[in-house]
Amino acid sequence: MADHPNDWWRGAVGYQIYLRSFADGDGDGVGDLIGVAGRLDHLANLGVDIVWITPCYPSPGADHGYDVSDYLEVDDLFGGRPALDAVVDGAHARGMRVILDLVPNHSSDQHPWFHQALADPSSPARDFYVWRDPAPDGGPPNNWRSHFGGPAWTLDPASGQYWLHLFLPEQPDLNWRNPAVREAFADILRTWFERGLDGFRIDVAHALVVDEAFRSNPEPDVPVDEANPRAAFDSIQHLHDLDQPEAPSLYAPLRAIADEFDAFLVGEVYLFTGEGVARYVEDGLLHHAFFFPALHTAWDPEAIGRVLHDGVAHGRGRFSWPLSSHDDDRAATRFGGGADGTERALAYFAFLSALPGIPFLYQGDELGLENGQVPATASADPITVRNDGAPGRDGSRTPIPWEPGHEFGFTTGTPWLGLGPNRSDTDTAATQARDDRSPLERTRRLLATRRELRDVLASDDATWLAAPPHVLAIRRGDVVAAMNIGGPPATVDLGQPGTVVHTTDADDAGHTVGTTLHVPTDRTVLVRLG
């Protein structure tokens, strides 16, 4: 394991790879680690520092890898352990770090632990999972719901007990109140860090324990829309199945192991207040947590202002700012689609890049991609497939268009999920690399500028500046970022002259400004004062 400078992630930029859809290196239509290794130069040239790869472990694929059957190996579908070693070594040679997804909330029902738990209720493995007797009427123990539709409980007829699964029945929840589970995951972390991995993104980090009394959640006032599982889940007040008081403290032992290896832990803490997320990044817990309110805002100055003020106030430099993700609409789609959506996404990412913490691109954000168009009949997301065409996540998961030609260079075969009829040659990385005004080249210039400002932006200090209602302006040391959110061109009082170092509108960096900064509609401008 090579030595890493302490807190190497401070001032870094992250990039999420949804493995199945990034690049297919062996022609079977599924993205793999061979494909990632072949595209590392794209990431290095873009200017990212942390590459997060979604699960590559052996898995039956009920939830496309988030149902893990072996936490210590790499699925042959993705190239096996040698392919992951090549990615890690290649990334390190280019000055980048690699983190994998850790999926500790649940395993696959094909994991040996669960096989043993089903086969022998008296075995130690039984307590690796969460079991309850039926309710008096024989039904599920309480009213908890699955993220993916229906009850969060499935009956084991042989024992007469139900197992808990906050996701699919094939994803039984692990029992983190059992010390043996905690020790097993400590060993998993240590093993991967000894192999040279730089950290983990921790899936469902806010849900590892549930209410010990298994109390039902309060029912919503409005009947649940069963046709939309995600909306149904979100309509419930999750008092007893998510974000329990004990949850953050579970990360103290894992943090201690990570710190031994100078490795990085960032949690998927899917909560919607800065105060709630901050509980997970207290000293000695997770290094960082994603702040998901940042990707659940429309292009609205009041909403964005409220979310980002909350995140900056509570994050203290320990929040990561996702522009998009594999579970949510792409930023360009959220912000209206078309040319407007692309410009707004570029402006938003530039502003996120000026906040304390780590900005994260999702693959394809650098190309300004909107959601791919996937008809329900071609869906792969279990939310859609298992719920009669309910809205799912396939649109944000369509493969990356790399170059003009067959399947836009993603694969030489047939892609596991169609790229979408809305893709064109102008969306491809190869085409955009030849256009200075493309989203790719503008993102690359932004990240080059951010790297030049890394010493300033790595600090936790931030001061909000007075600005018109549709403009956000923040000062970090001698750097000011200002974003115009849908209003007319506006000005911000800088108090002193400076030099424009980046704009999302065009490559006009380098010109000086007086004490007043002009900010065009749907654009972000970065200025260095003095």
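On a predicted model such as this, the values are computed, not experimentally measured, just so you know.
Remark: Y362 engages no residue in a ring-ring contact (aromatic ring centres under 6.0 Å, His included) (not counting sequence neighbours). When the salt bridge (Lys or Arg N to Asp or Glu O under 4.0 Å) test is applied to R423, no partner is found at least two apart in sequence or on another chain. Residues passing the ring-ring contact (aromatic ring centres under 6.0 Å, His included) test with H309 are W464, sequence neighbours excluded. Qualifying ring-ring contact (aromatic ring centres under 6.0 Å, His included) partners for W402, counting only residues two or more places apart in sequence or in other chains: F22, H42. Taking the ring-ring contact (aromatic ring centres under 6.0 Å, His included) definition, one finds that Y270 meets it with F272, F292, H296, sequence neighbours left out. In terms of the salt bridge (Lys or Arg N to Asp or Glu O under 4.0 Å) criterion, residue partners of E246 (sequence neighbours excluded) are, by chain and number, R177.
Note on residues 370-401: no pairs pass ring-ring contact (aromatic ring centres under 6.0 Å, His included), not counting sequence neighbours. Pairs engaging residues 408-427 under the ring-ring contact (aromatic ring centres under 6.0 Å, His included) rule: H64-W416 [sequence neighbours left out]. Applying the side chain to side chain donor-acceptor pair (under 3.5 Å) test to pairs two or more places apart or on separate chains, those with a residue in residues 129-139 are S107-Y129, D133-Q161. Among residues at least two apart or in separate chains, salt bridge (charged side-chain N to carboxylate O under 4.0 Å, His left out) pairs with a member in residues 144-168 are R126-D156, R145-E226. Sequence neighbours left out, not one pair with a member in residues 17-28 passes salt bridge (charged side-chain N to carboxylate O under 4.0 Å, His left out). Pairs engaging residues 380-393 under the salt bridge (charged side-chain N to carboxylate O under 4.0 Å, His left out) rule: D63-R393, E170-R386, D327-R393, D381-R393 [sequence neighbours left out].
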